[in-house]
Amino acid sequence: MTNLNPESNAAQTQDAPTPTNFLRDMIAEDVRTKKYGDAQIQTRFPPEPNGYLHIGHAKAICIDFGLADEFGGKTNLRFDDTNPEKEEQEYVDSIMADVRWLGFEWDRLCYASDYFGQLYEWALRLIKAGKAYVDDLSADEVREHRGTLTEPGKDSPYRNRSIEENLDLFTRMKNGEFPDGSRVLRAKIDMASPNINMRDPVMYRILHAEHQRTGNQWCIYPMYDYAHGQSDSIEHVTHSMCTLEFADHQPLYRWYIEQLGIFPSQQREFDRLNLTYTMLSKRKLLEFVQDKHVSGWDDPRMPTLAGIRRRGFTPEGLRAFCAAIGISRTNGATDIEMLEHYQRDDLNRRASRAMAVLNPLKLVIDNYPAGQVEFFEVANNPEDPTAGTRPVPFSREIFIDQDDFREVPPPKYYRLSPGKEVRLRNAYFITAQSVVKDAAGNIVEVHCTYDPASRGGNSPDGRKVKSTMHWVSAAHAITAEIRLYDKLFSKADPYDLEEGQDVLSNLNPKSLEILLGAKLEPSLANAKLGDHFQFERVGYFCLDPDSTADNLVFNRTLPLKDSWAKIEKKAGA
RNA sequence: UGGGCGAUCGUCUAAUGGUAGGACAAUGCCCUUUGGAGGCAUUUGUCCAGGUUCGAAUCCUGGUCGCCCAGCCA
């Protein structure tokens, strides 16, 4: 069952009508022809608990849960925990939390390890049917016998053992009589198959390893191919969607199910998500964490769901993105701009506005009475009148951003410069009069005059200003730490490498910039974890869990689109 | 190079033999108390060569290019 909240459903339906895709068409056809009788559509999301979920998994989750939901079906969360050497409870916990955060709730929580007993029984059945055998070849020898892409393999000398001997040996494998790697159970299919997966694939290997759920109960563990389809079948999964690299496994998936004569789950593959400037390999991400190139799985620069959540991304925005990118069988890379667009789109609708000055420059309004304070009632969200207002204090000395003042304004610069009049958002028109510089010639203070008649931000005489700037009252400002994040990689394709280089060499050295002296309007002292803010004219921000009462830390989720930056860039180029 | 899968604007995708459309990006204009948001407009595409057909992105043939597979990982 999915649990999309009404707001996000509305958001999705008001977008362009979702185009169809081959998976939906396939399911619709199966429903139409009653391929599974009156049984409901059943899907599953089957992560291995060996790492954190990332944006690529979000696409799979949206497909697995979304499609089932569309057809009134159900989705199981199943942990594919068949390799105890890589799996941990920490990952199980994070995966459950991430799926829920994305907005989905599973029907049944399952583990492949729940089926170890059944899988073992079925293995015995295949042995008795002459369809599986114990092989004593070493791993190296198995590889040598497998052949190559262009040459057929050779039969193992153990391939034609008697059923009795196979039964005896496999039982003893299970009973722990043999060391790791000494024997495997293999399906007896075809060593000359052009599909290497069909060249007598390994079904079970010996692993004297403790499993996070079954402990030491087993010392033989099923391989993915032997476990996955049967697990689907046990759960009566009608449509088992997976990524393209498993397409070659489909014949094997079907072979096991046919030999066993069990519920005919069917596998169908779709393309994996690739994003520009992003690494979506669990193995590499684990490396980043272990080698401390990032602070952890939830580093806000990580493409993990835990990372982007901490960064301030919303599940609604992510789901809209997943719906927009569609599903196909091509291999390309989606522009990260598209991900960011759907985040901004969602954040713009719901983020509370606030004023924050990241790089403060003091501004003194010389004709404003010293010691006077007034409060302006300011809209929390111009996009949403129901969001209400808040009081924002104003006084003689305020902070503006250094970017908003130029002693010598470049062409098309609308912001403050000597003699120029601008609007302080929601407050007054001001005109810059003079600057104060330090010994090194840096501007440390700007002096202005204000027009008392422009209170609220409009002049009664109707004169216009070209710019509106945000500000924070110096006496009331709270100081905070701001973490500005940028892309983790500096190349659109992280794998675009010189000979012998690793993706690490494409890491963006400026992916994190920390600002310690930012000045925020006082209401931000009440920010809570999980709140989303738009710092007006700057970007979207959220409170980081590193925050303490006397050191607030805000993460920049994304900057606002900045057309001035474009103009500047063009002028410079 | 054996097998599998694929190729449509710069990018991601629709069109299921009958008008090549949308989104993102880009560009220009309008609007704006966020150079945000919004509105309008514009640009760019069916891998190539043949064939079938009244009509082909779609079907056929032959190329070309890309991705995946030789774990006792998933």
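Throughout, protein chains are lettered first and strands after them, A, B, ... in sequence-line order, and every chain is numbered starting at 1. Worth knowing before you read on, the calculation uses all heavy atoms, side chains too, and leaves out hydrogens, waters and symmetry mates.
- No contact: A:His470 has no heavy atom under 4.0 Å from any strand.
- One atom, CD of A:Glu245, and another, P of B:G6, lie 15 Å apart when rounded to the nearest Å.
- Separating the CH2 atom of A:Trp471 from the P atom of B:U34 is a distance of 15 Å, rounded to the nearest angstrom.
- At whole-Å resolution of the value, CZ in A:Arg205 and P in B:G71 are 14 Å apart.
- Using a 4.0 Å heavy-atom criterion, one finds that A:Glu85 contacts no nucleic acid atom at all.
- B:U32 atom P lies 11 Å from atom CZ of A:Arg423, rounded to whole Å.
- Taking 4.0 angstrom as the limit, A:Arg283 places none of its side-chain polar atoms (N or O) nearer than this to OP1 or OP2 of B:C73.
- Within residues 195-203 of chain A, the residues that have a heavy atom under 4.0 Å from RNA chain B are, in order of number, A:Ile196, A:Val202.
- With distances taken from any side-chain atom of A:Met338 to the nucleotides B:C73, B:G35, B:A23, the minimum falls on B:A23.
- Salt-bridge annotation for A:Arg78 and A:Asp232: present, with a side-chain N of the basic residue lying under 4.0 Å from a carboxylate O of the acidic one.
- Annotation: B:A49 and B:U16 have their P atoms spaced 24 Å apart (nearest Å).
- Residue A:Thr20 places its side chain closer to B:A15 than to any other of B:A15, B:C73, B:U34.
- Of the listed residues (A:Tyr221, A:Tyr204, A:Tyr111), just one forms a ring pair (Phe, Tyr, Trp, His ring centres under 6.0 Å) with A:Phe116, and that residue is A:Tyr221.
- Checking B:C73, B:G36, B:G35 against every side-chain atom of A:Arg537, the shortest atom distance belongs to B:G35.
- Between B:A14 and B:C24, the two C1' atoms lie 15 Å apart (nearest whole Å).
- Going from the C1' atom of B:A15 to that of B:A25 covers 23 Å, rounded to whole Å.
- Looking only at side-chain heavy atoms (C-beta outward), A:Arg186 and A:Met203 stay at 4.5 Å or farther from each other.
- Comparing B:A25, B:G66, B:U34 by their closest approach to the side chain of A:Asn331 singles out B:G66.
- Proximity note for A:Asp271 (side chain, C-beta onward) versus B:U13, B:G71, B:A14: the nearest is B:U13.
- Base pairing in RNA chain B gives the following stems of 3 or more Watson-Crick or G-U pairs, range against range and under 3.5 Å: B:2-7 with B:64-69, B:10-13 with B:21-24, B:26-30 with B:38-42, B:47-51 with B:59-63.
- Looking at heavy-atom distances under 4.0 Å, A:Phe429 makes no contact with the nucleic acid at all.
- When rounded to the nearest whole Å, the span between CG of A:Asp403 and P of B:G36 equals 15 Å.
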Pairs of donor and acceptor atoms involving the side chains of residues 84-91 of chain A, under 3.5 Å and at least two apart or interchain, shall be tabulated with distances.
| unit_1 | atom_1 | unit_2 | atom_2 | d |
| --- | --- | --- | --- | --- |
| A:Glu87 | OE2 | A:Asn83 | N | 3.0 |
| A:Gln89 | NE2 | A:Asp93 | OD1 | 2.9 |
| A:Glu90 | OE2 | A:Tyr52 | OH | 2.8 |

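- Across the protein-nucleic acid pair, A:Glu88 atom CD and B:A74 atom C1' stand 16 Å apart, rounded to whole Å.
- Within 4.0 Å of A:Ala333, counting heavy atoms only, lie sugar-phosphate atoms of the nucleic acid but no base atom.
- Minimum atom distance to the side chain of A:His341 is reached by B:C24, of the listed B:C12, B:C24, B:U13.
- When the side-chain nitrogen and oxygen atoms of A:Ser328 are compared with OP1 and OP2 of B:C12, none of them lie within a distance under 4.0 Å.
- When the nucleotides B:G4, B:A37, B:A25 are ranked by their closest atom to the side chain of A:Glu337, B:A25 comes out on top.
- Residues from residues 136-154 of chain A that place a heavy atom under 4.0 Å from any atom of RNA chain B, listed by number: A:Leu137, A:Ser138, A:Ala139, A:Arg143, A:Arg146, A:Gly147, A:Thr148, A:Leu149, A:Thr150.
- Heavy atoms of A:Arg425 sit under 4.0 angstrom from at least one base atom.
- B:U61 and B:G28: their C1' atoms are spaced 47 Å apart (whole Å).
- Comparing B:U34, B:C24, B:C67 by their closest approach to the side chain of A:Thr468 singles out B:U34.
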(message) Set out, in order, the CA-CA distance, both residues' side-chain angles and the distance that settles salt bridge (Lys or Arg N to Asp or Glu O under 4.0 Å) for A:Glu235 and A:Arg44, then state yes or no.
(response) CA-CA 9 Å; A:Glu235 294 171 22; A:Arg44 102 273 88 119; over 6 Å; no
Give every pair of a protein N or O atom and an N or O atom of nucleotides 27-29 of chain B that lie under 3.5 Å apart, one pair per line with the distance.
| unit_1 | atom_1 | unit_2 | atom_2 | d |
| --- | --- | --- | --- | --- |
| B:G28 | OP1 | A:Lys570 | NZ | 3.1 |

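- A gap of 38 Å separates the P atoms of B:C72 and B:U11, to the nearest Å.
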(request) For the pair A:Tyr133 and A:Tyr158, evaluate ring-ring contact (aromatic ring centres under 6.0 Å, His included) and give the outcome as yes or no after the intermediate values. (result) CA-CA 8 Å; A:Tyr133 63 98; A:Tyr158 303 98; 8.8 Å; no
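- The gap from the P atom of B:A7 to that of B:G71 amounts to 29 Å, rounded to the nearest Å.
- Judged as a salt bridge (Lys or Arg N to Asp or Glu O under 4.0 Å), the pairs with a partner in residues 385-394 of chain A (not counting sequence neighbours) are, in order, A:Arg390-A:Glu521.
- B:G63 shows a glycosidic angle more than 90° from 0 and is accordingly assigned anti.
- Distance CE (A:Met191) to C1' (B:G2): 15 Å, rounded to an integer number of Å.
- The side chain of A:Trp564 lies closest to B:G35, out of B:C73, B:G35, B:A23.
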